[in-house]
There are 2 protein chains.
Amino acid sequence: MGDITFRLFTTKLGGIAQLFAKDLLLDPRASRGVADVRHVIRAVGSSTSTQSSRDFIRDIGGSENEIVPYGSYEDTVADPDVDIVYIATPASHHYANVLLALNASKHVCFTINARQTAHVISVARAKQLFLTEAVWTRFFPLTRSFTRQIHELDTIGKIARVSADFSLLATNDRTGRLWKSELGGGALLDLGIYSIIWVFIALFRHPNNQRQKPEVVGSIVKDPETGVDVLTNILLTFPRLQATAVATTSLLTRTPNDYSVIIQGDKGEISIDRPAPRPTSYNVRLYDPTALPVRHVYDIPSGQGLYWEADACARAIRDGRLETEESPLDESLAVMEVMDTVRAQNGYVFPGPLEDVHLAL
Amino acid sequence: MGDITFRLFTTKLGGIAQLFAKDLLLDPRASRGVADVRHVIRAVGSSTSTQSSRDFIRDIGGSENEIVPYGSYEDTVADPDVDIVYIATPASHHYANVLLALNASKHVCFTINARQTAHVISVARAKQLFLTEAVWTRFFPLTRSFTRQIHELDTIGKIARVSADFSLLATNDRTGRLWKSELGGGALLDLGIYSIIWVFIALFRHPNNQRQKPEVVGSIVKDPETGVDVLTNILLTFPRLQATAVATTSLLTRTPNDYSVIIQGDKGEISIDRPAPRPTSYNVRLYDPTALPVRHVYDIPSGQGLYWEADACARAIRDGRLETEESPLDESLAVMEVMDTVRAQNGYVFPGPLEDVHLAL
């Protein structure tokens, strides 16, 4: 039984932080049949006020007898009674927050460019700390089943093509983080990542690819007012596989299909139903006309499904591993390089110091 | 009543030549309600033998009392009793065949690169001859209706994104034209054109685009054995519209959706059902949850629907116009430039003299 205690960081303590915390508080056995790990939220940190952390603890149904509310990130990371930090700030703040946390603990992160990612990976390795990019989708049972279909069972034969889209019609509310470049806004970092990871799961991880990085070209259309990317399309080619992928994301339209991802091989195709970040089913259709289509359903038994990521972190730390099999750090770096490449090809730079690397830290 | 007499060129006198000829022989009024044009096939030309032309005339149900069989292209174009030549040779031969025909007549063409296209356009204009790229899809009543929806009626609002695919699982028979680079083979010229034209119909022709050419990046995967392109993906950006498109084509997989093309705006989306070259229906789905989806059906009343292209040619020639509104020559040139750009970006060159321009002709 590996107990793991979490600290949560976030500016406004809303959205994903709340969903993650609520998932952590669910009973592992009752919610998802897990008996080997247990999570405890030990501390909650806000950058603005202790009251904000108190409100958060109340909102998630927690108790101040068990969870300490903090009013600054510095105070939060100084708490000695914690194993791992979950960072729920906007993308613009990940790099600084990760570095702050690495000086005392282990954590879950998402940074703004590949140089920053490479830097935090090197710091984590030097300090022998656990680190993972917090892309929860990688940890779903559905993802494991899908991976097995295409990489072990050879269900659809030799893979030729992947297309993946995650898009939202976000034009009704232009006040949020997605429309602020100073918070790492735009479609690419917040939505596009969920297109790209499916390409990587299908092709980068393919046994025959031997983890070769893809060739990348992309196009970006920026919003004339805010400068954030509103339409980003990426072509990825994997020469060893003779396979290509199209990863797309947008703030101006929704995902057009019932499915978000389709993988085509020479025997058939697998489509993963919407939405790309949190699918609960996929479909296998073989070209053989006598084969009926099969739908594989992986309902998320309770909560949001964020706990599987937490479970993987807990097990890795318990077993002394510094990264997870589901989300290896070389893959996080390669994904970030894809996003950097497309941004560089299209002159899309985040403002001010967001792209900097601080080697002193 | 404008009578038009056709000559047909082709090496093997099969496939599309036969379908086109059969469509020409249908009664215009009975087959499609057309009363103002009439087509006569006056001559059929083969590069191999007069017998081949005779067989063709028999196969299409024609009569040698009305249709003259020729055993060479030179003899065919020398026939004075013909208005227009339909070229049904492989892409590799279009340029030479078009130039041969332009010395005596008007014609329908498809060439291998933009320089050749620009050349045949300049020759046709200098000789005051009619010329059109024979992409039949442009001439469908469905295409006119679809164009009206997005460019005049503003049904789906401001257009943000187009995706179009035309792909075939062509790996079962690797002996055909598609697998021969010396015939201009590969996915791009034969299949990809039908992805690209829908992008052009939706975006290049958009009134607000003012016929600005798109920015283009693409990726190509080549077949290791034959060198032809088997997976080609193209990103097109239209800066004036703040809109993007993804056009894809493949010989290794089929088109994954029930529809081949989807156009997304800020009010909704239109999907054109498969296949991209010959669709018979499209669907309008608005984001407004009270609006029901509408399916627009344009059955092809008889034959293949190739006659609409022939009708447009006949009317243009009758009225003294040198190109059609449905398929303007600047658009054919811009489409060819897209294909040239993607090939150049990926080092995909057709062999031998196929890419040459012969300014003496």
Inset, instruction - Among A:L235, A:I220, A:T232, find the residue that satisfies the side-chain contact (heavy atoms from CB on, under 4.5 Å) test when tested with B:L235. - result: A:L235
Legend entry - Residue from B:V230, B:L252, B:T253 passing side-chain contact (heavy atoms from CB on, under 4.5 Å) with A:R161: B:T253
Inset, instruction - Check for a donor-acceptor pair, side chain of B:Q242 on one end and backbone N or O of A:V221 on the other, with a separation under 3.5 Å. - result: no
Inset, instruction - Return yes when atom CZ of A:R205 has more than 12 non-hydrogen atoms of other residues, nucleotides or ligands closer than 6.0 Å, and no otherwise. - result: yes
Inset, instruction - Pick one of side chain, backbone, both or neither for B:R254, based on which atoms fall under 4.5 Å of a heavy atom in chain A. - result: both
Inset, instruction - Counting only heavy atoms closer than 4.5 Å, note whether B:D258 contacts chain A via side chain, backbone, both or neither. - result: neither
Legend entry - Structural part of B:P224 lying under 4.5 Å from a heavy atom of chain A: both
Legend entry - Segment of B:S167 engaging chain A (4.5 angstrom heavy-atom cut-off): side chain
Inset, instruction - To the nearest 0.5 Å, tell me how far A:Q264 CD sits from B:T255 OG1. - result: 8.0 Å
Inset, instruction - Could you check B:T237, B:V246, B:V217, B:I234 and say which one makes a side-chain contact (heavy atoms from CB on, under 4.5 Å) with A:N233? - result: B:V246
Legend entry - Toward chain B, the part of A:N346 with a non-hydrogen atom under 4.5 Å: neither
Legend entry - Residues, nucleotides or ligands: over 12 heavy atoms within 6.0 Å of B:R174 CZ: yes
Legend entry - A:K222 portion near chain B, given a 4.5 angstrom heavy-atom threshold: backbone
Legend entry - Distance-minimising heavy-atom pair for B:S219 and A:T244: OG-CG2, 4.4 Å
